[in-house]
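It should be emphasised that the depicted structure is a prediction, and the values quoted were computed from it without experimental measurement.
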Amino acid sequence: MKCRQLDTSTRFLLDTAFHRLEIIRDDGLYRHLRMKQPGTSCYYFDIITWPGYLTVAGDMGTWTFSRTADMFRFFGPWEGGINTGYWSEKLEAGAGRSACELLAKEYDHEAFCRSLKESMDDYLEDSEDDQPEEDWDDEDDTPDSDKAKVREAVQELCRGEFSNEWEAYQAAYEADWPDRWSAWDVCDGLTFKTYTSHFRWILFAITWAIAKYHNTKLVDKAMVTFLAVKGAAL
């Protein structure tokens, strides 16, 4: 997860390197910010808040979150990281958690294969029996060892070209696991979906825009104070 977040944050900073903040509305909890590079709408996005809600709209889609009255306080300014799990729970989409999953996650074959290998490694470490170590052999009647069957099943699944998590789940469930294995338990511990790059990009966009907004407010306040002091001294 950390590597993917780092990749997305770097990509986000490159995509928005020349963006400028425009405060269209700033009325308490009612805000409308626009982050955009002058002269182009590429990777632009608007952030709109009203009590209890925050919506991001632009080139990376439209996303609405709901949690507290002030959603700027909920997300906080940019600190280089994002809380994908917790923040995704605040994503508004239809009724129920499953709709949020459809928006924020997608099938990830690399994550599926990695979790499968980790599951296999755990099994091999826990299995201390005296079974023979021979590999599978389709040319004779020698039975495959449990370890050989597990290796073969994992290799076949990792070579699979699944288009979604359901295909991967079915293949893992129907694989030729050792007799004493429970296919249900195997599938229950696997990772099939991870957060999309679009969703992670949006989370970085929110915190980055909030940081820019707060910085602008601080600069404006400092300028007002400076002008007031300067005026009093004249």
Side-chain angles (χ1 to χ4, degrees), residues 1-27 29-50 52-93 100-115 191-223:
M1 181 66 71
K2 273 193 171 179
C3 289
R4 297 196 66 171
Q5 286 191 4
L6 178 61
D7 291 343
T8 307
S9 66
T10 301
R11 178 193 167 190
F12 171 80
L13 291 174
L14 291 173
D15 291 341
T16 61
F18 301 103
H19 278 37
R20 297 292 180 267
L21 169 65
E22 177 186 359
I23 301 178
I24 299 174
R25 183 180 184 184
D26 188 15
D27 182 15
L29 298 180
Y30 296 89
R31 311 180 185 92
H32 183 178
L33 313 182
R34 175 164 294 163
M35 303 299 301
K36 181 176 177 293
Q37 179 179 339
T40 178
S41 61
C42 186
Y43 294 116
Y44 95 95
F45 60 93
D46 286 359
I47 292 183
I48 302 168
T49 67
W50 64 101
Y53 292 88
L54 180 149
T55 289
V56 189
D59 269 4
M60 287 297 189
T62 300
W63 310 75
T64 298
F65 301 82
S66 178
R67 176 61 177 89
T68 60
D70 187 354
M71 292 299 289
F72 272 23
R73 181 171 296 180
F74 172 73
F75 281 107
W78 173 283
E79 293 182 350
I82 51 177
N83 193 339
T84 49
Y86 182 54
W87 290 350
S88 70
E89 295 175 1
K90 314 312 171 189
L91 187 60
E92 292 288 308
C100 298
E101 289 272 334
L102 290 174
L103 291 176
K105 289 186 174 183
E106 63 186 353
Y107 173 66
D108 187 332
H109 187 71
E110 289 186 6
F112 166 68
C113 187
R114 184 167 55 250
S115 67
T191 299
F192 293 93
K193 301 174 72 174
T194 56
Y195 292 101
T196 69
S197 59
H198 276 63
F199 181 66
R200 294 193 304 274
W201 195 98
I202 284 294
L203 296 183
F204 281 116
I206 292 171
T207 60
W208 187 69
I210 292 173
K212 294 289 186 182
Y213 169 80
H214 286 321
N215 289 341
T216 298
K217 300 279 282 187
L218 287 174
V219 169
D220 289 346
K221 184 177 180 180
M223 182 58 69

Kindly indicate whether the side chain of Trp201, heavy atoms from C-beta on, has any atom under 4.5 Å from the side chain of Val56.
-> no

May I ask you to check if Lys105 and Tyr195 form a cation-pi contact, with NZ or CZ under 6.0 angstrom from the six-membered ring centre and within 45° of the axis?
-> yes

State whether Arg31 and Asp70 are salt-bridged, where the test is any N-O pair (Lys NZ or Arg NE/NH1/NH2 against Asp/Glu carboxylate O) under 4.0 Å.
-> yes

Between the OG atom in Ser41 and the CZ atom in Arg34, the distance rounded to the nearest 0.5 Å is 10.0 Å

Are any of the side-chain heavy atoms of Arg67 and Tyr86 separated by less than 4.5 Å?
-> yes

Mind checking whether Trp50 and Thr55 have side chains closer than 4.5 Å, heavy atoms only?
-> yes

When rounded to the nearest 0.5 angstrom, what is the spacing between OH in Tyr107 and OG1 in Thr194?
-> 10.0 Å

Is it true that atom NZ of Lys212 has more than 12 heavy atoms of other residues, nucleotides or ligands lying nearer than 6.0 Å?
-> no

Give the ring-plane orientation class for Phe75 versus Phe65, where under 30° counts as parallel, over 60° as perpendicular and anything between as tilted.
-> perpendicular

Side chains of Ile206 and Trp63: does their closest heavy-atom pair fall under 4.5 Å?
-> no

Calculate, to the nearest 0.5 Å, the distance between atoms CG and OG1 belonging to Leu203 and Thr8 respectively.
-> 9.5 Å

Nearest heavy-atom neighbours spanning Ile202 and Met60 = CD1-CB, 3.7 Å

dist Gln37:CD -> Tyr43:OH (nearest 0.5 Å) comes out at 11.5 Å

In terms of ring plane angle, is the pair His214 and Phe72 parallel, tilted or perpendicular, where the classes change at 30° and 60°?
-> perpendicular

Here the gap from Asp46 atom CG to Glu22 atom CD, rounded to the nearest 0.5 Å, amounts to 8.5 Å

Could you label the plane-to-plane angle of the Phe45 and Phe12 rings as parallel, tilted or perpendicular, counting under 30° as parallel and over 60° as perpendicular?
-> tilted

Working to the nearest 0.5 Å, report the span between CH2 of Trp208 and OG of Ser9.
-> 13.0 Å

